[in-house]
Amino acid sequence: MSMDDALALFQRFDVNGNGTLGFDELRELLLIIGVPAADVPRLFGVIDTNSDGNIDFEEFIRWMYAQPVDAKEKMLGSTAVAKQLLREIADSLIAKNIPPEHLFASASVRSDGLLSRDELSRILLAYLPDLSPTVLSEAFHLCDWDHSGWINIEEFVSALRREASGLQELTPSTADVSVTVPAGWRYGMQLPVEYAGHLYHVDVPSGHTIGSTFTTTLKLPG
Ligand SMILES: [Ca+2]
Ligand SMILES: [Ca+2]
Ligand SMILES: [Ca+2]
């Protein structure tokens, strides 16, 4: 659940637009997620932590984040919950310093190296056991970028990277490297460049001859 999703939800139920949810406004939302009508007054009191009779956005957010996944799904929809799930998994990998490739490799039991729908579900359920079939299905769609019905490692890694809150900063996907043209190489040729244990091939730019230096941007592997 992103802040935008939560704010859109809050604003949708703030019918009179005064920036807070009154009892009747919150009541509508609670009934939608299946809170019994008799429990609404008590729950309102719990969410209204400063007891001013209104639910401000801060109180709302604090409560929402603590909700079980099925309640979030009813409030925000399966796609938003699936996105949040991928974000949390990506963030927890970052926190533990585990490359997403390792998670993929640990689950990919097929010899062709593709993740099936069930295998992805197993990864996700290991992270959060009470996910609904619709959230699992949405998560699969978010990963299966080319709609092939299978997830390859590039799709898996880029889905997590797309949803992660901080992965981009931690593992830059490009690096600017200074390269000096060695003897025997000239414009129009592809020069092998080793960087961080990987071999890249870069075009020698026009105007550069042996001994001259240029800067190239390498696309780093996931
Ligand atoms: Ca209101
Ligand atoms: Ca309040
Ligand atoms: Ca695919």
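Remember, it's 1-based here, ligands and their atoms both numbered in the order they're listed. In this chain, residues are counted from 1 in sequence order.
- Under 3.0 Å from the Ca ion (ligand 2) lies an N/O/S atom of Asp48, whether from backbone or side chain.
- The angle subtended at the Ca ion (ligand 3) by O of Trp150 and OE2 of Glu155 is 130°, given to the nearest 10°.
- Cluster annotation: Tyr65 is connected to Val35 through the hydrophobic network of ILVMFWY side chains, with a link wherever side-chain heavy atoms come within less than 4.5 Å.
- With 3.5 Å as the limit, one finds a donor-acceptor pair spanning the side chains of Asp176 and Thr217.
- Taking the Ca ion (ligand 1) as the apex, the angle formed with O of Thr20 and OD1 of Asp14 is 80°, to the nearest 10 degrees.
- Note on Asn152: not counted as a metal contact of the Ca ion (ligand 3), no N/O/S atom lying under 3.0 Å.
- Other residues, nucleotides and ligands contribute more than 12 heavy atoms inside 6.0 Å of the CZ atom of Phe23.
- Taking the Ca ion (ligand 3) as reference, Asp146 places its N/O/S atom OD1 nearest.
- For Thr180 and Thr213, the side-chain atoms include at least one donor-acceptor pair closer than 3.5 Å.
- Asp144 has its closest N, O or S atom to the Ca ion (ligand 3) at the position named OD1.
- Proximity of a side-chain donor or acceptor of Glu138 to a complementary backbone N or O of Pro133 within less than 3.5 Å is not detected.
- Annotation: angle subtended at the Ca ion (ligand 2) by Asn50 OD1 and Glu59 OE2 is 70°, to 10°.
- Not one N, O or S atom of Leu114 sits under 3.0 Å from the Ca ion (ligand 3).
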TODO: Starting from the C-alpha separation in whole Å, work towards a yes-or-no answer on side-chain contact (heavy atoms from CB on, under 4.5 Å) for Lys83 and Leu142.
DONE: CA-CA 8 Å; Lys83 277 173 175 266; Leu142 289 170; 3.7 Å; yes
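- When the Ca ion (ligand 1) is compared with the N/O/S atoms of Glu25, atom OE1 turns out nearest.
- Side-chain N/O atoms of Thr209 and Arg186 include no donor and acceptor closer than 3.5 Å.
- Side-chain atoms of Gln67 never come within 3.5 Å of backbone atoms of Met64 as a donor-acceptor pair (strictly under, hydrogens ignored).
- For the Ca ion (ligand 1), the set of nearby N, O or S atoms under 3.0 Å includes one belonging to Asn16.
- Asp52 contributes atom OD1 as its closest N/O/S atom to the Ca ion (ligand 2).
- None of the N, O or S atoms belonging to Thr49 lies under 3.0 Å away from the Ca ion (ligand 2).
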